[in-house]
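The block underneath contains the structure these notes are about, expressed in structure tokens.
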There are 2 protein chains.
Amino acid sequence: MSTTRPPETSSGPPGTGPPAPPRRRRVSMADVARLAGVSSQTVSRVSTGHPGVVPATREQVLTAMRQLGYRPNGAARALKYGEFRTIGVVLFTLATTGNSRTLEAIATCAAEAGYVITLIPVTTPTQDRVNGAFTRLGELAVDAVIVIMEVHLLDTATVVLPPDVHVVIVDSDAGERYCVVDTDQAHGARQAVHHLLDLGHRTVWHVAGPPESFAAERRALAWHGALREAGRPVPPLRRGDWSAEAGYRAGLELAEEPECTAVFVANDQMALGVLRAFHQRGRVVPRDVSVVGFDDIAEAGSFIPPLTTVHQDFAEVGRRCVEAALRQVRTGSTGTGTTLVPTRLVLRDSTAPPRRQR
Amino acid sequence: MSTTRPPETSSGPPGTGPPAPPRRRRVSMADVARLAGVSSQTVSRVSTGHPGVVPATREQVLTAMRQLGYRPNGAARALKYGEFRTIGVVLFTLATTGNSRTLEAIATCAAEAGYVITLIPVTTPTQDRVNGAFTRLGELAVDAVIVIMEVHLLDTATVVLPPDVHVVIVDSDAGERYCVVDTDQAHGARQAVHHLLDLGHRTVWHVAGPPESFAAERRALAWHGALREAGRPVPPLRRGDWSAEAGYRAGLELAEEPECTAVFVANDQMALGVLRAFHQRGRVVPRDVSVVGFDDIAEAGSFIPPLTTVHQDFAEVGRRCVEAALRQVRTGSTGTGTTLVPTRLVLRDSTAPPRRQR
DNA sequence: GGCACCGATGTTTACGTAAACATTGCCGGT
DNA sequence: ACCGGCAATGTTTACGTAAACATCGGTGCC
């Protein structure tokens, strides 16, 4: 152990290099042990809180630790233990409320379990990039991976997850192959449609999300199904990219449809755009048209008018993701199956019975 | 804890356990080396892309890697290299647009530099929790730390950062002690005030953020300063907690002030609430009152009316954070000083000259 | 033809930690 | 008084990787 360069740590000759500038190499257990006059194993025992160290010795070690500013080396621990106490999260974007709130919940829950989150952003959802993310995740120090993405890229066979990495997926239908946690999109959409029908509307129009999004498809499908089951006509579908601007464009079109008295918009941000379009065209919400959103973002209650919307419990989704991931880690199993988190309809002021027509 | 268990890997007597089902312990270089019939050092050379491996050998090793599904062990590498290629991010919440967008930018930039992000959420901003986060960060496998927080907890002396951890702070005035990157709050606020004054408004009212927020204070201070410099009266300040609901409450109060023709709101979400309050009270924006926000969130263009606001370049803030952090890591220095990212006023439809009064 | 050199590969070692095992010293029972 | 046993601490080793050094053929040069 000669590489360790001459100590020179303590007893810095007060005339050489005053502040000892280039200081590298973190203090290790060996350093603490030397200062405390014990073996490094005893330092380890103190560090990990193991019993069997007499108080006097423990105090001595703790003092040395403080003096040297010792902090355990995570890499060495991970190597020794064979686990990293880390969960990787792959996501395409944090720009959507849902993703960032889910991530926050995941991080919080993981922290409670003593795990931390490692983020792998995949900016362009092309196959190779996804593969890249996973290749790196494989090399990365993670015990499990949670994938938050709105497209079903994972369902194509070309994406290969490292076989011994535990995976939990949010927003997908790969429940047969992977462990999936998601909001109950279908139920939420049905709540929205039924609410509008119950108010007396003849049918419900829909502004859907982009077709690549599994959630968007699920909501659109459920909307369609609910109308069919109720024996109502199914108006033509509009699509947007989740943005308020897209909602605005769809809203301008809908404003031209005299038949349109009720709209279910696939997320709150597009609903904001729809509201603006109706406002601009003089279609008063909810007097002339009712609007229901999806997500219940924090601002929804401050739209004009406050938006009736389907509340997603992102915190719960995050919690279940972490639970599922840690269960897989602990049992060493590869779970499959889908966990659905229920939604809740939040009634505000953007819905009302239709005006008597004609 | 049976991670060790006897090798039994190679030379498996072809009759014992056919598929060797419970397989634990990831494949290591030694496994690959054995299968490829080379030394583990050669495997290492292939794995790290070092030259000096003849193509035939390299191919042999690669084949063995694929066959065994080898993936390098990040912990071992980190231990060997003494660095983790990881940046820790401490934050209080992801619920604000600014935080999540900054985080996304940080993650993206870090990824481009071959670094990943480890998240440490601190849910309650009490002293001990912050200390806890840093204690854990100290043990954690991070080369640097970026702190995103809206309160100036770090300025109190009781919070001690591990001395050898490189730190970059967003949203703080600790530039003398730490490296700080932030939006130029003061300039942004001045842009908003001057825009309104230039339109002809006699003065500008302000709805500020919570006093714990450094950004909120900076914006309020600049608003105050700009008015004083212009010789205008300074109306009483309203405060909110950044939420649209708080903005709504402040807006209801402002709607009662007949003098109030121009409002600068400290963020877009509160501005949304202000708009709703004015709408509800029949004060038409921008005919009766002009409103300017701050942040330029994605939805701002879809408010009713579309919101004139101060654009923050979160992506740039994130980029500079990563740059500063990596610079510190590379040079081994502890940087100080503040980097300000400029803002830009985005003109939309919520501002107009005042109606001729009286 | 011998030797110096170089390129390809193997061997040793260290990174920091903690489990497993070894060693001490003390106490209590017979 | 002796010894078993236990509590406190020390020593060895392994985790997976890669730098540093060692080895071994072959090749070119004189």
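Basis for what follows: all heavy atoms, side chains included, without hydrogens, waters or symmetry-related copies. In what follows, chains carry the letters A, B, and so on, assigned in the order in which the sequence lines appear, proteins first and then strands, with residues in each chain numbered from 1.
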Listed pairs, N/O of protein and of nucleotides 9-13 of chain C, under 3.5 Å:
from	atom 1	to	atom 2	distance (Å)
C:dT9	OP1	B:Thr57	OG1	2.5
C:dT9	OP2	B:Val54	N	2.8
C:dG10	OP2	B:Ser39	N	2.9
C:dG10	OP2	B:Ser39	OG	3.1
C:dG10	OP2	B:Thr42	OG1	2.7
C:dG10	N7	B:Arg45	NH2	3.0

Next on the checklist: What is the separation between atom CZ on B:Arg71 and atom P on D:dT17, rounded to the nearest whole Å?
Outcome noted: 11 Å

Checklist entry - Is there a donor-acceptor pair under 3.5 Å between the side chain of A:His166 and the backbone N or O of A:Gly332? => result no

Item to check | Partner of A:Val317 under side chain to side chain contact (heavy atoms under 4.5 Å, CB included), chosen from A:Ile148, A:Ile106, A:Val181 | outcome: A:Val181

Item to check | Between C:dT17 (P) and B:Leu79 (CG): distance, integer Å | outcome: 9 Å

Next on the checklist: Whole angstroms only, please: what is the CZ-C1' distance between A:Phe84 and C:dT17?
Outcome noted: 14 Å

Next on the checklist: Less than 4.0 angstrom from a charged side-chain N to a carboxylate O is my criterion; do B:Arg66 and B:Glu59 meet it?
Outcome noted: yes

Item to check | Separation of C:dC15 C1' from B:Asn73 CG (nearest whole Å) | outcome: 13 Å

Checklist entry - Within this structure, what is the OH-to-P distance between B:Tyr81 and C:dA14, rounded to whole angstrom? => result 18 Å

Checklist entry - Rounding to a whole Å, what distance do you find between A:Arg77:CZ and C:dC15:P? => result 18 Å

Next on the checklist: In whole Å, I'd like the distance from the CZ atom of B:Arg85 to the C1' atom of D:dA18.
Outcome noted: 15 Å

Checklist entry - Are the side chain of A:Glu104 and the backbone N or O of B:Leu94 linked by a donor-acceptor pair below 3.5 Å? => result yes

Next on the checklist: Using whole Å, what does the distance between atom P of nucleotide D:dG16 and atom CD of A:Glu83 come to?
Outcome noted: 14 Å

Next on the checklist: Between B:Arg77 and B:Ser47, is there a side-chain donor-acceptor contact under 3.5 Å, judged purely by atom types and distance?
Outcome noted: yes

Item to check | Polar side-chain atom of A:Asp143 near backbone of A:Thr86 as donor-acceptor pair, under 3.5 Å | outcome: yes

